[in-house]
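Data first, discussion second: the structure below is written as structure tokens.
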Amino acid sequence: MKQMISIILKFFAIMPLRLNHLIGSWIGIYLYITNSHSKKVVSKNIKTCFAHLDKSRQQELIKKSLVEMGKGLSESGFIWLRSFKDNAKYIVKTIGIEHLKSEQPIILLVPHFGCWEITGRVLSIDTPVTFLYKPLRKAEQEAFLIKNRQKHGLSMATADKKGVIKLQRAIKKQELIGILPDQDPGEEGGVLAPFFGTNARSMTLLAKLARKNQAKVLLTWALRLPKGRGYELYLKPVDILSEQGLIEQDVTLMNKVIEDLVITQPEQYLWNYKRFKSVVDYSS
């Protein structure tokens, strides 16, 4: 199985990005027309978050989302198995890079939007970056992931106490840290906060680190351009710390920041994840 996955990723790594994304879009269309498990999860999320859309527009967004998800799958090999400098060649425009020049510690808030994998790789060319991640259950897959993610100036920190200590050390050294906060962290690491009008178990760590270290938070994303033209990298200062100083309010602000980004290109968000599993029944 490991060898098969490696072969597939290498296959996607050697082809031009335009062809890579074309095949990825076919994968997405296949997932749509076969009524796959991915389609069911995406459909539940789209209908939950975009209940105001009529059924035809919801179906259109579901299809587009699966197409973009397919591109995300195919581009994984293209991103992981190529060098950081080669990845950087496909960033056709960068907006907000000047915000990295700061005396404050910087936390990159990176939602599962567009090509999130490329963000840390490109930024770590010029400055060390430590990214928080959730370890995989299978040891072989975990080793493969670390081998292809943790290179050069990019370091990975596990989503546990040991990883949090690693993030804090990076902050003290004035290095960048990156967190993808839009997944269910469990009861201990999260609170229920609204996301598109529905409560979702949401991570508290990013807000806690930002408040503790008086850090600047930069919303960071790589927009996937059509027809394999590459990506646009954006860094935008955002305020996620509430005047009340309450963690529930901080997380609510953070979710709203992510929501506002998602609305710009909703099909590029990772809807193939049970974001509302604490409150929504995905079996129906």
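Only heavy atoms go into these numbers, but all of them, side chains included; no hydrogens, no water, no symmetry mates. The model shown is predicted, which means the values in this text are computed figures rather than measured ones.
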Sorted by first residue and then second, give each salt bridge (charged side-chain N to carboxylate O under 4.0 Å, His left out) pair with at least one member in residues 31-52; sequence neighbours left out.
-> none
Donor-acceptor pairs are to be reported for all side-chain atoms of residues 99-117 against protein atoms at under 3.5 Å, with residues two or more places apart or in another chain.
from: S102; atom 1: OG; to: Q104; atom 2: N; distance (Å): 3.0
from: Q104; atom 1: NE2; to: Q214; atom 2: O; distance (Å): 3.0
from: H112; atom 1: ND1; to: D182; atom 2: OD1; distance (Å): 2.7
from: E117; atom 1: OE1; to: W80; atom 2: NE1; distance (Å): 3.2
from: E117; atom 1: OE1; to: R149; atom 2: NE; distance (Å): 3.3
from: E117; atom 1: OE2; to: R149; atom 2: NE; distance (Å): 3.3
from: E117; atom 1: OE2; to: R149; atom 2: NH2; distance (Å): 2.4

List in chain and number order the residues that pass side chain to side chain donor-acceptor pair (under 3.5 Å) with Q249, two or more places apart in sequence or in another chain; answer none if no residue qualifies.
-> none
Give me the ring orientation class for F84 and H152: parallel if the planes are under 30° apart, tilted from 30 to 60°, perpendicular past 60°.
-> perpendicular
Could you list the residues that satisfy salt bridge (charged side-chain N to carboxylate O under 4.0 Å, His left out) with R82, not counting sequence neighbours?
-> D86
For E259, which residues count as a salt bridge (charged side-chain N to carboxylate O under 4.0 Å, His left out) partner, sequence neighbours excluded?
-> none
Qualifying residues under side chain to side chain contact (heavy atoms under 4.5 Å, CB included), relative to A88, sequence neighbours excluded = V122, I125
Of all residues at least two apart in sequence or in a different chain, which pass the side chain to side chain donor-acceptor pair (under 3.5 Å) check with S278?
-> D184
Partner residues of Y282 under the side chain to side chain donor-acceptor pair (under 3.5 Å) criterion, sequence neighbours left out = N45
Could I get the full list of salt bridge (charged side-chain N to carboxylate O under 4.0 Å, His left out) partners for K93, not counting sequence neighbours?
-> E232
Using ring pair (Phe, Tyr, Trp, His ring centres under 6.0 Å) as the criterion, list what pairs up with F276, not counting sequence neighbours.
-> none
Selection residues 153-183 - residue pairs positive for ring pair (Phe, Tyr, Trp, His ring centres under 6.0 Å), sequence neighbours left out = none
Atom pairs and distances, side-chain donor-acceptor, residues 240-248, under 3.5 Å, sequence neighbours left out:
from: S242; atom 1: OG; to: G245; atom 2: N; distance (Å): 3.2
from: S242; atom 1: OG; to: D250; atom 2: OD1; distance (Å): 2.8

Heavy-atom neighbours of K236 NZ exceed 12 at 6.0 Å | no
CA sep, side-chain torsions, deciding dist, call: Y90, E75, side-chain hydrogen bond (donor to acceptor under 3.5 Å, both in side chains) | CA-CA 12 Å; Y90 294 91; E75 76 188 0; over 6 Å; no
